[in-house]
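Just follow the structure's listing: the first ligand is 1, and inside any ligand the first atom is 1. The first residue of the sequence shown is numbered 1, and numbering continues consecutively from there. The figures that follow rest on heavy atoms only: side chains count, while hydrogens, waters and symmetry mates do not.
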Amino acid sequence: MKKYTIGAVFTPDLNKVLLIKKTKPEDQAGRLNMPGGKIEPGEGSLSCVVREITEEAGIHTDPNKWIYAGRIENAGGGMFYVDIWTIVIPWNIAGNIESMTEEKVGWYNVWSLPAYQCLPNIHWLVPFARNFHDQGNFGTLVFGEFKYQNQ
Ligand SMILES: Nc1nc2c([nH]c(=O)n2[C@H]2C[C@H](O)[C@@H](COP(=O)(O)OP(=O)(O)OP(=O)(O)O)O2)c(=O)[nH]1
């Protein structure tokens with residue numbers, strides 16, 4: 001079973017999301033995704049997302065501030081899952097993001113994500129994750145478990 005995390009990181013105004021230009025795996029190369037990566041043996045899902053954001057964007061995030069948003073997995077389960085985490089970070093930390101690997105990180109306007117550059121499910125994962133922080137939308141919060149059809 002392959003286990004991954006991705007982190008939806010927002011600025012305090014909820015207008016910008018942190019995305020990374022992927023170079024791997026092959027099906028993601030050249031496209032924008034949220035930062036994240038593989039959960040190491042013995043590592044917790046939350047620890048993984050905190051570590052990956054540091055490794056990829058050079059910022060430390062408070063583990064207590066992350067919200068678990070849901071999980072996407074293959075239909076039937078057993079092959080892989082991706083845990084989705086989300087956080088709002090303070091402006092002074094948002095201003096300090098830095099690409100730590102060849103995969104460049106940057107802030108993107110949530111209202112005008114570049115259509116063809118993003119992984120397809122980014123277009124629903126971003127508003128889904130954003131909803132957890134949007135006080136205007138309290139009461140409509142939906143938690144999820146989303147399964148993909150087996151290929
Ligand atoms: N948005 C989105 N992300 C996905 C999907 N499937 C999937 O694996 N991911 C994410 C989870 C991981 O962050 C990343 C795949 O891991 P990776 O190739 O970048 O990293 P890796 O396994 O080498 O792990 P690491 O070296 O960064 O720890 O893609 C998906 O369907 N949608």
Side-chain angles (χ1 to χ4, degrees), residues 1-11 14-89 93-94 96-134 137 141-151:
M1 164 82 97
K2 292 188 171 157
K3 303 173 182 178
Y4 302 95
T5 62
I6 48 175
V9 182
F10 294 97
T11 51
L14 301 181
N15 282 334
K16 292 204 166 74
V17 64
L18 193 65
L19 297 179
I20 183 163
K21 187 84 162 283
K22 301 290 289 182
T23 58
K24 64 183 169 69
E26 201 181 331
D27 59 325
Q28 296 187 28
R31 310 191 89 171
L32 293 168
N33 194 2
M34 294 171 187
K38 208 179 288 140
I39 302 178
E40 302 291 343
E43 184 179 48
S45 179
L46 174 59
S47 303
C48 172
V49 76
V50 170
R51 173 179 58 74
E52 291 285 354
I53 300 304
T54 301
E55 288 177 5
E56 295 176 349
I59 53 168
H60 180 71
T61 53
D62 182 346
N64 296 310
K65 295 271 174 4
W66 284 92
I67 298 171
Y68 178 69
R71 176 175 287 185
I72 50 182
E73 61 181 288
N74 66 292
M79 275 161 55
F80 75 89
Y81 67 71
V82 184
D83 278 344
I84 305 150
W85 291 89
T86 185
I87 192 170
V88 174
I89 62 171
I93 296 177
N96 285 342
I97 63 138
E98 192 185 346
S99 302
M100 305 296 284
T101 69
E102 57 175 1
E103 298 186 315
K104 301 281 170 252
V105 288
W107 291 108
Y108 290 81
N109 191 316
V110 298
W111 309 111
S112 55
L113 293 173
Y116 297 110
Q117 287 175 43
C118 294
L119 281 197
N121 59 18
I122 281 301
H123 293 289
W124 66 266
L125 284 169
V126 168
F128 172 74
R130 185 185 181 282
N131 193 230
F132 282 80
H133 309 289
D134 188 349
N137 282 338
L141 217 50
V142 177
F143 289 80
E145 184 182 272
F146 307 95
K147 302 198 179 197
Y148 287 117
Q149 201 80 314
N150 283 322
Q151 300 294 316

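Distance check: Arg71 CZ to Lys147 NZ gives 9.5 Å after rounding to the nearest 0.5 Å. Note that CZ of Phe146 and CG of Asn74 are 15.5 Å apart. Values are rounded to the nearest 0.5 Å. Between the CD1 atom in Ile87 and the CD1 atom in Ile59 there is a gap of 8.0 Å [rounded to 0.5 Å].
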Next on the checklist: Evaluate Trp85 against Tyr68 for side-chain contact (heavy atoms from CB on, under 4.5 Å), listing each step before the verdict.
Outcome noted: CA-CA 5 Å; Trp85 291 89; Tyr68 178 69; 3.7 Å; yes
Next on the checklist: Under the criterion side-chain contact (heavy atoms from CB on, under 4.5 Å), I'd like the reasoning laid out for Leu19 against Met34: C-alpha separation, chi angles, the key distance, then a yes or no.
Outcome noted: CA-CA 5 Å; Leu19 297 179; Met34 294 171 187; 4.0 Å; yes
Checklist entry - Can you list the steps and then say if Val126 with Phe10 is a side-chain contact (heavy atoms from CB on, under 4.5 Å)? => result CA-CA 9 Å; Val126 168; Phe10 294 97; 4.2 Å; yes
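Counting heavy atoms closer than 4.0 Å to ligand 1, residue Leu125 contributes side-chain atoms (C-beta onward) but none from N, CA, C or O. Contact annotation: for Gln28 versus ligand 1, heavy atoms closer than 4.0 Å belong to the side chain alone.
Closest to atom 5 (C) of ligand 1, if we only count protein heavy atoms, is Val82 CG2, 4.0 Å. The single protein non-hydrogen atom nearest to atom 30 (C) of ligand 1 is Asn121 ND2, 3.5 Å, given as residue, atom name and distance. Nearest protein neighbour of atom 21 (P) of ligand 1, counting heavy atoms only, is Lys24 NZ, 3.8 Å. Of all protein heavy atoms, the one lying nearest to atom 19 (O) of ligand 1 is Lys22 NZ, 2.4 Å. At the top of the distance list for atom 18 (O) of ligand 1, counting protein heavy atoms only, stands Pro25 CD, 3.3 Å. Among all protein heavy atoms, the one lying closest to atom 11 (C) of ligand 1 is Tyr4 CB, 3.5 Å. For atom 22 (O) of ligand 1, the nearest non-hydrogen atom of the protein is Lys38 CE, 3.2 Å.
In terms of polar-atom proximity, defined here as any N/O pair under 3.5 Å, Gly37 does make such a contact with ligand 1. Checked against a 3.5 angstrom limit, the closest N/O atoms of Glu52 and ligand 1 fall inside it. Between Asn33 and ligand 1, at least one pair of N/O atoms sits closer than 3.5 Å.
A donor-acceptor distance shorter than 3.5 angstrom exists from the side chain of Trp107 to the backbone of Ala94, with no hydrogens or angles considered.
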Would you give me the side-chain donor-acceptor pairs under 3.5 Å for residues 112-122, sequence neighbours excluded?
unit_1, atom_1, unit_2, atom_2, d
Asn121, ND2, Tyr148, OH, 2.2

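Listed by first then second residue, pairs satisfying salt bridge (Lys or Arg N to Asp or Glu O under 4.0 Å) with a partner in residues 52-61 read Arg51-Glu55, not counting sequence neighbours.
Ligand 1 has Tyr148 within reach: a non-hydrogen atom of the residue lies less than 4.0 Å from it.
Within ligand 1, counting atoms from 1 as listed, the ones closer than 4.0 Å to a heavy atom of Gly36 are 13 (O), 27 (O).
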